[in-house]
Amino acid sequence: MEEGCEFRSWDELIPDALGLIFSNLSLQELLTVIPRVCKSWRKAVMGPYCWQEIDIVEWSQRSSPESLDRMLQMLITRSDGSHRKLSVSGLRTDASFSFVADHAKSLQTLRLPRSEISDSIVENVAWKLSTLTFLDVSYCKKMGAPALEAIGKHCKLLTGLRRLKHPLEIVDKLSQDDEALAIAATMPKLKRLEMSYLLISTEAVLKILTSCCELELLDVRGCWNVKLDEKLIKTFPCLKVVGPLVIDCYEGNGWDDCSSYSGSSGYLAWDFVAGEMDYYDDELDVAWEDESMDDLELRFYDGFDADYAGFDWAQSP
């Protein structure tokens with residue numbers, strides 16, 4: 001750079017500044033475009049600076065289990081355990097969840113909707129998730145009260161829990177009070193709790209209210225057995241209760257239309273071909289199914305607002 005020049009070159013920016021800027025780019029651009037611009041940009045995107053918040057929910061909806069595992073391992077490895085947020089949909093194996101837990105030393109927000117996570121693996125590795133403050137395990141059909149109890153016992157900083165069900169998931173169940181009681185017994189610091197469409201009783205919800213004294217939002221939409229008296233709710237002046245009445249697409253005839261990721265979605269599938277962690281050598285490349293994916297963008301979650309909690313209903317299981 002010439003002496004006395006008023007502006008600094010982009011390639012002279014420090015890596016963490018580049019990472020902050022690059023976080024506004026799409027996942028496709030981060031993996032295929034940025035590394036080829038210059039050495040300093042490639043170094044930034046290969047390091048932890050760009051991966052403090054990892055959100056591959058959109059991409060994982062369309063990926064194969066093998067591609068999902070490879071992508072997840074690559075990005076978490078790049079973050080060097082410094083990622084604070086991780087959002088991925090549809091983990092297929094306990095081994096994948098175990099890998100996430102093994103690299104969760106800084107993890108605060110974890111979203112794993114529609115994942116095949118068992119009670120046993122959660123009980124075994126929950127102690128590694130002690131830094132969590134928010135957890136989303138919606139539509140995780142293989143886990144239940146034992147997993148929630150383990151999470152509550154080991155994740156003492158947890159203030160937000162999202163445990164949504166789809167109406168079709170509960171047609172053959174009699175009660176899920178055990179999940180509500182596990183939450184009440186082990187998560188006293190909860191401030192926001194979403195548990196729509198669970199088969200829980202009024203008594204179980206009251207147990208949560210008396211045990212979680214800091215609760216600010218309780219979403220029980222679709223929990224038809226819950227009958228909360230208005231006078232009772234007023235005894236909790238800081239609490240906002242949503243439900244059990246539901247006014248959304250589940251109550252109409254157009255269930256297929258309530259999916260954000262249906263076949264008519266503007267998001268198209270793209271595939272990821274991963275090799276070693278340094279697969280961006282000249283010999284290797286990333287294969288995309290469609291070049292129109294330039295507008296695929298990452299969504300970075302900053303928690304959930306009470307006014308909008310629960311409105312992003314997922315597609316049918």
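Computation of the quantities below employed the complete heavy-atom set of this structure, encompassing side-chain atoms and omitting hydrogens, waters and symmetry-equivalent molecules. In what follows, residues are counted from 1 in the order of the sequence shown.
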Please indicate whether Lys189 has more than 12 foreign heavy atoms, meaning atoms of other residues, nucleotides or ligands, lying under 6.0 Å from its NZ.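 No - once you tally the heavy atoms of other residues, nucleotides and ligands closer than 6.0 Å, there are 12 at most.
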Nearest heavy-atom neighbours spanning [X] and [Y]:
X      : Y      : answer
Thr109 : Leu107 : O-CD1, 3.5 Å
Arg114 : Ser89  : NH1-OG, 3.2 Å
Leu86  : His83  : CB-CD2, 4.3 Å
Ala104 : Lys128 : CB-O, 3.8 Å
Ala126 : Ala150 : CB-O, 3.8 Å
Val125 : Phe97  : CG2-CE2, 3.4 Å

To the nearest 0.5 Å, what is the distance between [atom1] on [X] and [atom2] on [Y]?
X      : Y      : atom1 : atom2 : result
Tyr139 : Arg163 : OH    : CZ    : 11.0 Å
Asp94  : Glu116 : CG    : CD    : 9.5 Å
Met187 : Leu135 : CE    : CG    : 7.5 Å
Glu214 : Lys191 : CD    : NZ    : 6.0 Å
Lys227 : Leu232 : NZ    : CG    : 15.0 Å
Ser118 : Glu123 : OG    : CD    : 8.5 Å

For residues [X] and [Y]: do they belong to one hydrophobic cluster (side chain heavy atoms under 4.5 Å, members Ile, Leu, Val, Met, Phe, Trp, Tyr)?
X      : Y      : value
Trp127 : Val122 : no
Val137 : Leu110 : yes
Leu129 : Leu158 : yes
Leu157 : Ile151 : no
Leu148 : Leu215 : yes

Evaluate the criterion salt bridge (charged side-chain N to carboxylate O under 4.0 Å, His left out) for residue pair Glu194 and Arg162; output intermediate values, then yes/no. CA-CA 5 Å; Glu194 294 181 79; Arg162 200 163 195 240; 3.0 Å; yes
Using a 4.5 Å cut-off on heavy atoms from C-beta on, say whether the side chain of [Y] contacts that of [X].
X      : Y      : result
Ile200 : Asn225 : no
Trp59  : Ser67  : yes
Leu190 : Ile208 : no
Met46  : Arg78  : yes
Ile56  : Leu68  : yes
Lys105 : Thr131 : no
Leu181 : Lys207 : yes
Asp69  : Phe99  : no

Going through the distances and angles, do Gln176 and Met195 end up as a side-chain contact (heavy atoms from CB on, under 4.5 Å)? CA-CA 11 Å; Gln176 293 173 311; Met195 47 196 312; over 6 Å; no
[X] side chain to [Y] backbone, donor-acceptor under 3.5 Å:
X      : Y      : value
Ser115 : Leu91  : yes
Ser79  : Ile76  : yes
Asp80  : Ser82  : no
Thr133 : Thr159 : no
Ser87  : Arg111 : no
Arg36  : Thr32  : yes

Using 4.0 Å as the upper bound for N to carboxylate O, is an ion pair formed by Asp219 and Arg221?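 Result for this pair is yes, salt bridge flagged.
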Under 4.0 Å between a side-chain nitrogen and a carboxylate oxygen: does that hold for Lys153 and Glu149? yes
Given Ser138 and Asp136, is the side-chain hydrogen bond (donor to acceptor under 3.5 Å, both in side chains) satisfied, shown in steps? CA-CA 6 Å; Ser138 299; Asp136 182 354; 2.7 Å; yes
Derivation and outcome, side-chain contact (heavy atoms from CB on, under 4.5 Å), residues Val220 and Val242: CA-CA 6 Å; Val220 289; Val242 183; over 6 Å; no
Quiz question: by atom type and distance under 3.5 Å, do the side chains of Gln52 and Arg84 form a donor-acceptor pair? yes
